[in-house]
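Report on one structure; see the data block that follows.
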Amino acid sequence: MTSHATEVDLEEILRQALDSTGEGARWTTDTDDMWCRLTPPSTTLPEQGWKLHVSATAASAPAVLSRALGVLLREGPVFKFARSLDQVSALNSRATPRGSSGKFITVYPGSDAEAARIASALHTATAGLDGPRILSDQPYAANSLVHYRYGAFVGRRRLSDEGLLVWYIEDPDGNPVEDVRAGRYAPPPWAVSPFPASVPAPRPPREAAKDPVLLGGRFSVREAIRHTNKGGVYRGTDVTTGAPVVIKEARPHVESDASGRDVRDWLRAEARALEELGGTGLAPEPLAMFEHAGHLFLAQEEIPGLPLRNWVAEHFRDVGAERYRADALTQAGRLIDLLAAAHAHGCVLRDFTPGNIMVRPDCELRLIDLELAVLKGDSALPTTVGTPGFSAPERLADAPVSPTADYYSLGATVCLVLMGKVPHQLPEQPAGRTADERLADWLAAAGAVFPLPDGLPGMILGLMREDPADRWDPAAARAVLRGTGRTQPGTGRTQPETGRTRPPRRPASVPPPGATPDAPRAAVEGIVNHLLDSMTPKDAPRLWPVSTKAGETDPCTVQQGAAGVLAVLTRYFRLTADPRLPEAISTAGRWIADRTDTRSARPGLHFGGRGTAWALYEAARAVEDRALADHAIALALAPQEPTLSHDITHGQAGSGLAAAHLWHRTGDPRFAGLVTDAADRLAAAARPAPSGVSWPVPAESALASEAGKRYLGFAHGTSGIGYFLLEAAAVTDRTDHLDLARAAGEELVAAAVRVGGAVQWPTQAGDVPTAPYWCHGAAGIGTFLVRLWQATGDDRYGELARGAARAVVERAPRAPLAQCHGLAGNGDFLLDLASATEDPAYRAMAEDLARLIASERAHRDGHVVFPTEYGDVSTSWSDGSAGILAFLLRTRHTDSRLWTIRQPG
């Protein structure tokens, strides 16, 4: 993104406007990193109502703000604006969520009448200036920069039925209703618009009338492939030929720069690239470019098949590790040839990624989405847009166009094809290890569990060198892949322009597997340092920082809140007696206790009160805090809010499991009663399944799309419920609870899918297998089957658990790092299996996973952090470093798994 901050200072425009009115002193100004907010005196802001938004581009924002201030400073509402042109560009980027895009100025009128008056004045004042359509709002008039929607004025949040914090408004009866911020205008039915009827904004073809939409007089739209802020991508038919087509849309003013260029210029660049490659078979044939309702469209030949990223996941799932390995090597060769051919036609791609390559049914590859491509002799559109992990570092800094950036992308894409993943390298502070060294460490650790043929890790490293001048080109990569002239990777590379060979500045080498055996130990120390130093017990909404990209939970819970981190630190203290921990544990325990209500609690282990009580009780025992223990017991005994959920994370099984743990720890018969009650409720809710029993999501579920689903996994389905029933049988000594757990196991036996020696499961019976994680897949289901095998002696369950372990190990390089979806949860399952079987091979597998996790660590001033599956940092149990720490501790100390019941023996 081009920096505009030194060109025009938006806050200076505000200061000049305030000075010109002579009333600057009466306004209160407040700024943060994103917004500049202005509040007049004696203003009582409504909690909700009709809010106004004014859009702008980076080029038009100074004029839009200047004209809008003439209205707003006179009318006197509360309002805010993006405080810099860089922020305006960010709001208009193609990656911005459709519900947030374009909102340069936000106005909070005090009444409906004021909203209508200000909207009219702003529309008149800003007429003729440029700005994108705001997708979540209704335009005030055709081509107006002014938009409106009904929503919250002040931040009010509540927990949804899924346990996530959501913004809400109230209906006329005072009932909370989620304030949905989506990419379409959808006012609540009771909100009567005070604005004059306006010309309807053009809707995307998918959302238009039910009759077929004909674009460009020639292309009939069948369905949407995706909608993003820059516009939609649609499948359709060329009515003149009957041929299937893909139609790409570019919305005006998205990704607009100071010169006024935007994504429409990118689409024109793609059309030129397709024309240049026409007839080569490398890319789709272009058909037509046209405008419709002010939007630009490009129709092109549809390439049958699926994106390479999808092929990597689905082909591995369907054919198994050994067959995939051979097919992936062939596909890597095709990738090398594809890039070399594009370069031979004078086309530098700038976004050669698995999402922009199609795999045809015959497994041949084709380029798609060439909007960043640059032809020889053309000037490139300046941009820092790219695909993290696949775009070369200098590309993301808008370096001059060079084929060497495509070499990096080739290496990353080959890495994904061969290993299933490209590691996410978080920035280090201070920068110690080079990117090349970190990638080499990861390739070595990944190779310990999924070995590649000799030379291929070095080929990946050679292509992905941090220094563009050191990168291998496709010819050198092809030579290694084909085994021609190979002595050691890195002995030379062929220059396609001259045919000459010259040595790279540094050889591409990978340390042998296990070369850094102390990495997990160092990671443990760094994680603990990070957790201790990042704790903020004073005046903070959360005790530890977490990622909220997948939603935000109650700040006290196990899943994403303080209880999950507290439980791991408590375990660490019990194992190490680290003198820093008692104070931290006490502080965290009091923080949670101050924010938990013992009069009632939400159900579930990970999202509910009893999971929090579990963590508090163990912390209280560790630091000998009787008052904290009493609070934990009271919280665990608090009446549960009504729930339709049966599962571990949100429902009866999770509440019952926590009660079982506390019964074992305290002997309090009230907990035994809670275990019995939860098990009996689950027995009543059980429904016959084709081969056993399951617990379908009730029809009354808040999410209608979930009703009737019969999940199999540990977090949300049969295996987690079965696990609790086994523990309930041990507490209640009732055979009906054990029989029900067996019936759950039979349902999992029937649903197992064997590919090679690996065993996988679908999310629901009858679906295709899912990734082998704790949440829905083999690691969580295997966790239950290990325990069921121990309880019953039925070797079928043990055999399936061993097959689940193979699935986990085969897919290890592909996995994120965390407990819920990743290596930490998978590794905990392997340690469970090692304990149950007394087979050291499973502990060795878990230690390989620990080294693989540690290879993705980042050092920051004595701390160690890890990327989440979304690429940011979190401390939480489910997706962050607390869950990783719990697993790494178990590789060094023989101990039970957190959130399970310790078994005798």
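- For the salt bridge (charged side-chain N to carboxylate O under 4.0 Å, His left out) test, residues two or more places apart in sequence or in another chain that qualify with Glu11 are Arg83.
- Remark: Glu270 CD to Asp265 CG distance equals 13.5 Å, nearest 0.5 Å.
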Could you walk me through whether Ser547 and Asp872 satisfy the side-chain hydrogen bond (donor to acceptor under 3.5 Å, both in side chains) test, starting with their C-alpha distance in whole Å, then the side-chain angles of each, then the deciding distance to 0.1 Å, before giving a yes or no? CA-CA 7 Å; Ser547 169; Asp872 56 352; 2.7 Å; yes
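- Between Tyr108 and Phe79, the ring center distance fails the sub-6.0 Å criterion.
- Although no hydrogens or angles enter the test, the distance criterion places a donor-acceptor pair under 3.5 Å between the side chain of Ser160 and the main chain of Leu164.
- Here the straight-line distance linking atom OG1 of Thr57 with atom CG of Leu85 works out to 9.0 Å at 0.5 Å rounding.
- Panel note: side chain Thr553, backbone Gly163; no donor-acceptor pair is recorded below 3.5 Å.
- You'll find the side chain of Thr228 stays beyond 4.5 Å of the side chain of Arg94, heavy atoms only.
- The backbone N or O of Asp9 lies less than 3.5 Å from no partner atom in the side chain of Ser84, so there is not a single donor-acceptor pair.
- In this structure, Arg37 and Asp32 approach most closely via the heavy-atom pair NH1-OD2, 2.9 Å.
- Side chains of Arg860 and Glu428 form no contact here, defined as non-hydrogen atoms less than 4.5 Å apart.
- A donor-acceptor pair under 3.5 Å links the side-chain atoms of Ser55 to the main chain of Pro132, judged by distance alone.
- For the residue pair Asp554 and Leu159, the shortest heavy atom distance occurs at N-CD2, 3.8 Å.
- In this structure, Val88 and Ala58 approach most closely via the heavy-atom pair CG1-N, 3.9 Å.
- His253 and Asn92 are not linked by any side-chain donor-acceptor pair at a separation below 3.5 angstrom, with hydrogens and angles left out of the test.
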May I have the step-by-step check of side-chain hydrogen bond (donor to acceptor under 3.5 Å, both in side chains) for Ser876 and Gln560, ending in yes or no? CA-CA 5 Å; Ser876 71; Gln560 195 194 51; 5.9 Å; no
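- Side-chain contact between Pro537 and Met535: present, with at least one pair of heavy atoms (C-beta onward) separated by less than 4.5 Å.
- Panel note: side chain Ser101, backbone Arg98; no donor-acceptor pair is recorded below 3.5 Å.
- Other residues, nucleotides and ligands contribute over 12 non-hydrogen atoms within 6.0 Å of the CG atom of Asn175.
- Pairs of residues two or more places apart, or lying in two chains, that qualify as side-chain hydrogen bond (donor to acceptor under 3.5 Å, both in side chains) and include a residue from residues 71-81 are Glu75-Arg117.
- The main-chain N or O of Ala435 is found under 3.5 Å from a side-chain atom of Gln425 such that the two form a donor-acceptor pair.
- Contact annotation: the side chain of Val246 never approaches that of Pro284 to less than 4.5 Å [non-hydrogen atoms, C-beta and beyond].
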Would Leu367 and Asn356 satisfy side chain to side chain contact (heavy atoms under 4.5 Å, CB included), going step by step from the backbone distance to the final call? CA-CA 6 Å; Leu367 298 165; Asn356 293 341; over 6 Å; no
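- Counting all heavy atoms, side chain and backbone alike, Tyr168 lies closest to Pro176 at CD1-CB, 3.7 Å.
- Between the side chain of His292 and the backbone N or O of Phe290 there is no donor-acceptor pair closer than 3.5 Å.
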Go through Arg395 and Asp406 one step at a time and tell me if the side chain to side chain contact (heavy atoms under 4.5 Å, CB included) criterion holds. CA-CA 9 Å; Arg395 253 281 296 116; Asp406 282 356; over 6 Å; no
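- The number of heavy-atom neighbours closer than 6.0 Å to CG of Asp171, taken from other residues, nucleotides and ligands shown, is above 12.
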For the pair Arg181 and Asp179, evaluate salt bridge (charged side-chain N to carboxylate O under 4.0 Å, His left out) and give the outcome as yes or no after the intermediate values. CA-CA 6 Å; Arg181 302 171 184 190; Asp179 184 16; 3.4 Å; yes
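- Looking at Lys230 and Glu371, a side-chain N of the basic residue comes within less than 4.0 Å of a carboxylate O on the acidic one, giving a salt bridge.
- The pair Glu275-Arg272 does not count as a salt bridge, with every side-chain nitrogen at least 4.0 angstrom from each carboxylate oxygen.
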Applying salt bridge (charged side-chain N to carboxylate O under 4.0 Å, His left out) to Asp257 and Arg261, what does each step give before you reach the verdict? CA-CA 6 Å; Asp257 61 22; Arg261 291 176 296 193; 3.4 Å; yes
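- Of the possible polar contacts, none joining the Arg350 side chain to the Leu370 backbone as a donor-acceptor pair under 3.5 Å is found.
- Interatomic distance, Asp137 CG to Arg149 CZ, rounded to the nearest 0.5 Å: 6.5 Å.
- Between Tyr150 and Trp50, the ring-plane angle classifies as perpendicular under the 30° and 60° cut-offs.
- When all heavy atoms are compared, the tightest approach of Ala61 to Phe104 is O-CE2, 3.8 Å.
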Given Glu170 and Arg156, is the salt bridge (charged side-chain N to carboxylate O under 4.0 Å, His left out) satisfied, shown in steps? CA-CA 10 Å; Glu170 291 182 350; Arg156 292 188 294 175; 3.5 Å; yes
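- One distance of note links CD of Glu249 with CZ of Phe297; it measures 4.0 Å at 0.5 Å rounding.
- Remark: the backbone N or O of Val385 is paired with a side-chain donor or acceptor of Thr383 at under 3.5 angstrom.
- With contacts defined as side-chain heavy-atom distances shorter than 4.5 Å, the pair Val348/Leu375 does not qualify.
- Less than 6.0 angstrom separates the ring centroid of His227 from the ring centroid of Tyr234.
- Annotation: the span from Glu394 atom CD to Asp467 atom CG amounts to 9.0 Å, rounded to 0.5 Å.
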Could you give me the CA-CA distance, side-chain angles and deciding distance for Asp351 and Thr387, then say whether side-chain hydrogen bond (donor to acceptor under 3.5 Å, both in side chains) is met? CA-CA 7 Å; Asp351 203 18; Thr387 304; 3.1 Å; yes
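- Between His295 and Pro252, the closest side-chain pair of non-hydrogen atoms falls below 4.5 Å.
- Listed for the Asn229 side chain is a donor-acceptor partner under 3.5 Å among the backbone atoms of Ser93.
- Here the CG-CD distance, from Leu10 to Gln87, works out to 10.0 Å after rounding to the nearest 0.5 Å.
- Val64 places none of its side-chain heavy atoms less than 4.5 Å from the side chain of Phe81.
- Ion pairing of Glu178 with Arg158 is absent here, as no side-chain N (NZ or NE/NH1/NH2) approaches a carboxylate O to less than 4.0 Å.
- With a 4.5 Å cut-off on side-chain heavy atoms, Ser136 and Lys103 count as touching.
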Yes or no on side chain to side chain contact (heavy atoms under 4.5 Å, CB included) for Trp27 and Leu73, after CA distance, side-chain angles and deciding distance? CA-CA 9 Å; Trp27 289 86; Leu73 296 179; 3.7 Å; yes
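- Taking every heavy atom of both residues into account, Ala119 and Leu52 meet most closely at N-CD1, 3.8 Å.
- A donor atom on one side chain and an acceptor atom on the other are found under 3.5 Å apart for Asp879 and Ser874.
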